[in-house]
**Q** 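One structure follows; several queries about it will come next.
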Amino acid sequence: MDIREYLKNGSRLIFDGAMATYFNSIPGREQVRSDTANVAHPEEILGIHRGYLEAGAQALKTNTYGASEDFASGRMEDGEAFLRAGCRLALEAAVPFDALVFGDLGPAPQGGFLTPAESYCRAIDIMLEEGLRCFLLETLGSDDGIPEAARHLKEKCPEAFLITSFTVGYDGVSRDGILGKELYRRGCAVSEIDVVGFNCGSGPHHLLEFLRTLELDGSRPMSVMPNAGNPTIIGHQAVYHGTPEYFADKMQQIAALPGVQIVGGCCGTTPEHIREIIAELKRNPPVSVQVTPRSEAESRRKAEPNPFWEKLERGERVVAVELDPPVDDEIGFFLDGVR
């Protein structure tokens, strides 16, 4: 498809879900970096791509999230091998479904062998050589190197399509300490970026609440790809308990926000999450709603009484008690201590 014409007509584009967390759920692959499997276990990566396409996804992300970090860290040979193999696997999977393939790159760290801009540009050049024309720079905590990468891409390939996706926590702040609102504004100010959006960082509920505070730029579509929900750490592995039905319900609400035309999933999502999104959007087509951001004064909540803080303010003596958690489900002794 011509993605620009497709989006211009108001159509919605459904992306796939997570690669790494889904791959790591395979027995024996819990601690394996998914990018390396492009070379070591290509059939498993192909199987995941096909699973998302069979669920109805119209766009795939290449399994190359770590390439920009590889280049920034000086792992040139491995980074290129994983990158080229990841592009070829996604393209192979996409052809029978006539799906789009987006070259996927995660954040590039500062202070490495290459700058973030140099790392992105090196990866972009290789992806262009492999035949990709759509790109996704995602899970970004800052815009370091992003404007330079966007300009480089459009200079090398003017028809290329670029999505830039930032990530924020529950408080609307990125891990680099930048307000999500500011990152969105900066991304929209770069003319070479076609779509600005958000992914990862939080589940669909919290990301929906954050998006409702934004003054959305109506001049371009928006992409939204949250995590399945909040993770629980079990055996050194993040496990996401958000059900596909819950995820799809929230994504239906997100899709009703102005400009949100591109939706998909991030950590913890599976083909079943994508299948359920598609079913929910068919059952309940989103009705676009206009969200008016609340002013700072309106958003400020009335402070609840805080006896502890009030005593500190008055200079009075306070006592804090910390109790060790109970070692088993016999909590009578623990509750006696609480009382």
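Residue numbers count from 1 along this sequence. Because the structure is predicted, anything quoted here is derived from the model rather than measured.
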**Q** Hey, is the main chain of E272 close enough, under 3.5 Å, to the side chain of T270 for a donor-acceptor pair?
**A** yes
**Q** Within this structure, what is the CE-OG distance for the pair M76 and S119, rounded to the nearest 0.5 Å?
**A**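 The OG atom of S119 is 7.0 Å from CE of M76, to the nearest 0.5 Å.
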**Q** What distance do Q253 atom CD and R212 atom CZ have between them, rounded to the nearest 0.5 Å?
**A** 5.5 Å
**Q** Between Y22 and Y52, what is the ring plane arrangement, given parallel below 30°, perpendicular above 60°, and tilted in between?
**A**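 It falls in the perpendicular class, over 60°.
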**Q** Using a 4.5 Å cut-off on heavy atoms from C-beta on, say whether the side chain of L208 contacts that of L257.
**A**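 The answer is yes, as the side chains (C-beta and beyond) meet within the 4.5 Å cut-off.
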**Q** Using the rule that two of Ile, Leu, Val, Met, Phe, Trp, Tyr join whenever any of their side-chain heavy atoms come within less than 4.5 Å, decide whether L89 and V32 are in one cluster.
**A**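 Result: yes, single cluster for both.
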**Q** Going by heavy atoms in the side chains, are E159 and R133 under 4.5 Å from each other?
**A**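 Yes, side chains in contact.
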**Q** Hey, are E30 and N24 close enough side-chain-wise for a donor-acceptor pair under 3.5 Å?
**A** no
**Q** Do you see a donor-acceptor pair shorter than 3.5 Å between the side chains of N63 and H49?
**A** no
**Q** If only atom types and distance count, is the side chain of N227 paired as donor or acceptor with the main-chain N or O of G229 below 3.5 Å?
**A**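 Between the backbone of G229 and the side chain of N227 there is no qualifying donor-acceptor contact (under 3.5 Å).
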**Q** Quick one: are D70 and F82 in side-chain contact, heavy atoms under 4.5 Å?
**A**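 With C-beta onward as the side chain, the pair touches.
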**Q** Just how far is it from atom OG of S34 to atom CD of E44, taken to the nearest 0.5 Å?
**A** 11.5 Å
**Q** Just by distance, do the side chain of D125 and the backbone of R122 share a donor-acceptor pair under 3.5 Å?
**A**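 No; zero donor-acceptor contacts below 3.5 Å.
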**Q** Once rounded to the nearest 0.5 Å, what's the spacing between atom NE2 of H205 and atom CG of D249?
**A**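 These two atoms lie 11.5 Å from each other.
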**Q** Indicate yes or no: at least one non-hydrogen side-chain atom of E80 is less than 4.5 angstrom from one of I126.
**A** yes
**Q** Find out if a path of hydrophobic residues (ILVMFWY) with successive side-chain heavy-atom gaps under 4.5 Å connects F71 to F113.
**A** yes
**Q** Please report the interatomic distance SG(C188) to CE(M222), rounded to the nearest 0.5 Å.
**A** 7.0 Å
**Q** Fit a plane to each ring of F198 and F166, take the angle between them on a 0 to 90° scale, and name the class: parallel (under 30°), tilted (30 to 60°) or perpendicular (over 60°).
**A**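 F198 and F166: tilted rings.
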**Q** Check step by step if side chain to side chain donor-acceptor pair (under 3.5 Å) holds for D144 and S142.
**A** CA-CA 6 Å; D144 290 340; S142 77; 3.2 Å; yes
**Q** Check whether any side-chain heavy atom of V319 lies under 4.5 Å from a side-chain heavy atom of V321, and answer yes or no.
**A** yes
**Q** Any chain of hydrophobic side-chain contacts (each under 4.5 Å) joining V101 to L46?
**A** yes
**Q** Decide whether E138 and Y65 meet the rule of one side-chain donor and one side-chain acceptor closer than 3.5 Å.
**A** no
**Q** If you define the side chain from C-beta out and look only at heavy atoms, does anything of F247 sit under 4.5 Å from T243?
**A** no
**Q** Considering only heavy atoms from C-beta outward, does the side chain of L140 approach that of I146 to under 4.5 Å?
**A** yes
**Q** Quick check: does any side chain N or O of D2 sit under 3.5 Å from a backbone N or O of R4, one acting as donor and the other as acceptor?
**A** yes
**Q** Can you tell me how far apart CD1 (I193) and OG (S165) are? Round to the nearest 0.5 Å.
**A**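 If we round to the nearest 0.5 Å, I193:CD1 and S165:OG are 11.0 Å apart.
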**Q** Taking the ring centre of each residue, are F15 and F102 less than 6.0 Å apart?
**A**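 Judged by ring-centre distance (under 6.0 Å), F15 and F102 do meet the cut-off.
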**Q** Donor-acceptor check, side chain of Q261 to backbone of L7, threshold 3.5 angstrom: yes or no?
**A**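 Indeed, once roles are kept as given, a pair shorter than 3.5 Å links the two residues.
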**Q** For residues E310 and N306, is any side-chain donor paired with an opposing acceptor at under 3.5 Å?
**A**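 No, no side-chain donor-acceptor contact under 3.5 Å.
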